[in-house]
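Remarks on the structure that follows.
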Amino acid sequence: MHYLINIFSYDFVKILFGNVISTILSFARAMLLPPLFLKFWGVDDYAIWVYLLSLVSIIAFLNLGLNIYGVNKLHKLFILKRSIFNRVKNILITSFILLNSIGLLVGTVFIFLHKENALILELLIITALISNICGFLAGLFRSYDKDYIGIFINNIYTIVLIALTSLLLFFEGYMYELAILLILLSLARLIATYLILKINFNFNFNFNFNFKYIYLIIFKSIRFLSFQLSNFLKLDMSIIILQFFLNSTSIVMYVLHRTIANILNQSVLILNNSLFQHISKNYTLKKHHEINATYNMQQKIILMIGLMLLLIISLIYEDIMSLWLGDSSLDFIDKDIMTLFVLSVIFSSLWNGATVFLSAINKHEKMSNYVIYNSVLFVILSIPGVIFYKIYGILYALLFVEILFGLIIQIHIVDILIIKRNLVYKLYLQLFIILGLFFIIDSMINELPLKFLLGVGILLIIEFLFFDMSDIKYVKRFLKGG
């Protein structure tokens with residue numbers, strides 16, 4: 001018991017625990033709410049709601065990357081130059097608020113284009129703007145070396161959101177009521193975050209707009225928009241393409257299967273959020289060997305989680321869909337779509353996981369270009385793909401770009417970290433061999449118990465080959481903040 005208490009005294013363990021809870025809650029939200037939406041709203045109205053949320057997501061671009069780059073800079077100042085910490089903090093917050101205020105003007109464009117849902121769209125835009133500011137304030141906890149506090153605030157918000165959204169749907173609430181609920185919850189989260197910062201860190205804010213300084217900051221921070229643009233093009237633009245070329249059923253089918261595949265992305269998010277502060281701190285202290293060891297361990301963990309997800313999907317995919325959606329699952333079951341999604345997510349998670357190493361040390365400029373090229377090529381290939389192959393076409397395009405640019409981005413990252421490229425080549429070669437074995441087993445063996453035993457056997461062999469005593473020593477050192 002005493003050992004357990006000591007373990008939870010480490011900030012990293014608090015961050016990791018908070019991120020695990022966050023991922024569980026995100027997964028619960030993704031699994032619990034879609035069946036309720038389908039039951040109470042139906043396929044067509046749920047597809048419209050998803051489409052509107054996809055349009056509103058463009059508001060996130062108004063951050064101009066300050067929510068990541070700015071917090072990174074503040075964290076570095078908190079460690080090395082606290083004398084100017086408060087002044088830079090006030091300049092960043094002022095700029096952030098002004099940038100998001102512009103969002104109200106941007107939102108009018110969407111309203112004119114979608115007059116039939118104008119009020120709902122306006123409410124969702126206001127929610128997105130408040131959430132942007134909430135996210136930046138929550139990020140300030142990392143600048144104080146207390147990232148876990150912001151994570152736990154977000155977890156409480158998600159719990160309340162799931163509970164109240166479920167109740168609203170049960171009582172036959174529609175889009176207008178749900179949009180109002182989202183605004184009220186976002187405001188409550190904003191106030192709570194501010195008060196906790198004020199009470200625990202004597203947080204204060206004075207309006208301070210320094211155009212010259214913020215111009216220099218934005219010139220560098222805007223590169224972080226590549227990640228938001230990439231997410232918009234892959235997650236939201238894909239919905240817009242499906243809405244334009246196909247139908248509501250295709251949108252819902254796409255979203256449902258993406259939700260299951262995103263289990264791996266959520267696992268990567270746990271690792272990245274947990275490692276961000278660690279990488280930033282070790283880079284500031286010039287502990288490059290520690291960063292390299294962290295990279296090696298992270299890639300191994302992502303690969304193992306991805307392969308376990310692929311095994312589970314190959315064994316019980318239809319059972320998962322039936323348990324999740326009930327009778328309506330028959331309209332959405334398609335194992336080929338699920339397999340293509342999981343394969344794409346495995347490759348994307350490997351390079352997405354690696355991006356945290358350059359993002360945390362603000363050396364992301366060239367990598368940002370590759371991330372944008374990845375997403376733009378996906379959109380370009382998706383349009384003819386959907387025209388000729390329907391929903392499968394968009395998934396073929398996704399898998400292709402994840403493999404191609406995943407390799408390019410990974411090579412760039414290891415070059416910056418001064419790690420041998422052979423590590424990346426070896427990882428990809430092993431992954432292709434393992435995937436080949438998995439699909440041979442899946443196609444040749446129909447007996448579920450035998451397929452399970454062979455799949456688990458492959459995973460155990462991989463674990464034996466991948467991990468050694470040096471990894472265990474690294475984990476112990478890592479937990480102690482080394």
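Along the sequence shown, residues carry numbers from 1.
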Worked check of side-chain contact (heavy atoms from CB on, under 4.5 Å) between V414 and K420: CA-CA 7 Å; V414 296; K420 292 182 179 179; over 6 Å; no
Residues F405, F347; criterion ring-ring contact (aromatic ring centres under 6.0 Å, His included); working and verdict: CA-CA 9 Å; F405 278 96; F347 284 101; over 10 Å; no
ring-ring contact (aromatic ring centres under 6.0 Å, His included) assessment of F341 paired with Y254: CA-CA 9 Å; F341 252 127; Y254 187 86; 5.0 Å; yes
Check against side-chain contact (heavy atoms from CB on, under 4.5 Å), Y373 and L377: CA-CA 6 Å; Y373 299 154; L377 181 60; over 6 Å; no
Trace of the side-chain contact (heavy atoms from CB on, under 4.5 Å) decision for L256 with I260: CA-CA 7 Å; L256 292 175; I260 297 175; over 6 Å; no
Check against side-chain contact (heavy atoms from CB on, under 4.5 Å), W41 and L178: CA-CA 12 Å; W41 286 8; L178 183 53; 3.8 Å; yes
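With sequence neighbours left out, the ring-ring contact (aromatic ring centres under 6.0 Å, His included) criterion links F170 to F40.
Counting only heavy atoms from C-beta outward, the side chains of L340 and L398 never approach each other to under 4.5 Å. Within the 4.5 Å cutoff, the side chain of L169 has heavy atoms near those of the T165 side chain. The shortest distance between side-chain heavy atoms of H257 and Y317 falls below 4.5 Å. In this structure, the side chains of S166 and L36 come closer than 4.5 Å at one or more pairs of heavy atoms. Side chains of M338 and I333 form no contact here, defined as non-hydrogen atoms less than 4.5 Å apart. The shortest side-chain heavy-atom distance between I394 and F378 falls under the 4.5 Å cut-off. Put simply, the side chain of Y46 does not reach to within 4.5 Å of the side chain of S248, judged on heavy atoms. Using a 4.5 Å heavy-atom cutoff, the side chains of I130 and I126 are in contact.
Closest approach of R258 to K234, counting heavy atoms only: NH1-O, 4.3 Å. The heavy-atom pair separating L350 from Q410 by the smallest distance is O-NE2, 3.5 Å. Across every non-hydrogen atom of V43 and F332, the tightest pair is CG2-CZ, 4.1 Å. Nearest heavy-atom pair, G406 versus W351, reported as atom, atom and distance to 0.1 Å: CA-CD1, 3.4 Å. The shortest non-hydrogen separation linking I120 to W49 is CG2-CZ3, 4.1 Å. Taking each heavy atom of I346 and G306 in turn, the nearest pair found is CD1-O, 3.6 Å.
Of the possible polar contacts, one joining the E177 side chain to the Y174 backbone as a donor-acceptor pair under 3.5 Å is found. Counting only distance, with no hydrogens or angles, the side chain of Y396 and the backbone of S382 share no donor-acceptor pair below 3.5 Å. The backbone N or O of L182 lies less than 3.5 Å from a partner atom in the side chain of S186, making a donor-acceptor pair. Judged purely by atom type and a 3.5 angstrom limit, S322 has no side-chain atom pairing as donor or acceptor with the backbone of D319.
The stretch residues 421-430 participates, sequence neighbours left out, in these salt bridge (Lys or Arg N to Asp or Glu O under 4.0 Å) pairs: D415-R421.
Atom CD1 in I391 sits 8.0 Å away from atom CG in D334 (nearest 0.5 Å). Note: L399 CG to L404 CG = 11.0 Å, rounded to the nearest 0.5 Å. Distance check, rounded to the nearest 0.5 Å: NZ of K390 to CG of L246 gives 6.0 Å. Rounding to the nearest 0.5 Å places CD1 of I183 at 4.5 Å from CG of L123. Here the OG1-CG distance, from T158 to L185, works out to 10.0 Å after rounding to the nearest 0.5 Å. D45 contributes atom CG, which lies 11.0 Å from atom CG of L38 (distance to the nearest 0.5 angstrom).
Judged purely by distance below 3.5 Å, without hydrogens or angles, the side chains of N247 and S250 pair a donor atom with an acceptor atom.
By the neighbour-count criterion of 12 heavy atoms within 6.0 Å, atom CZ of F400 is sparsely surrounded, having that number or fewer from other residues, nucleotides or ligands.
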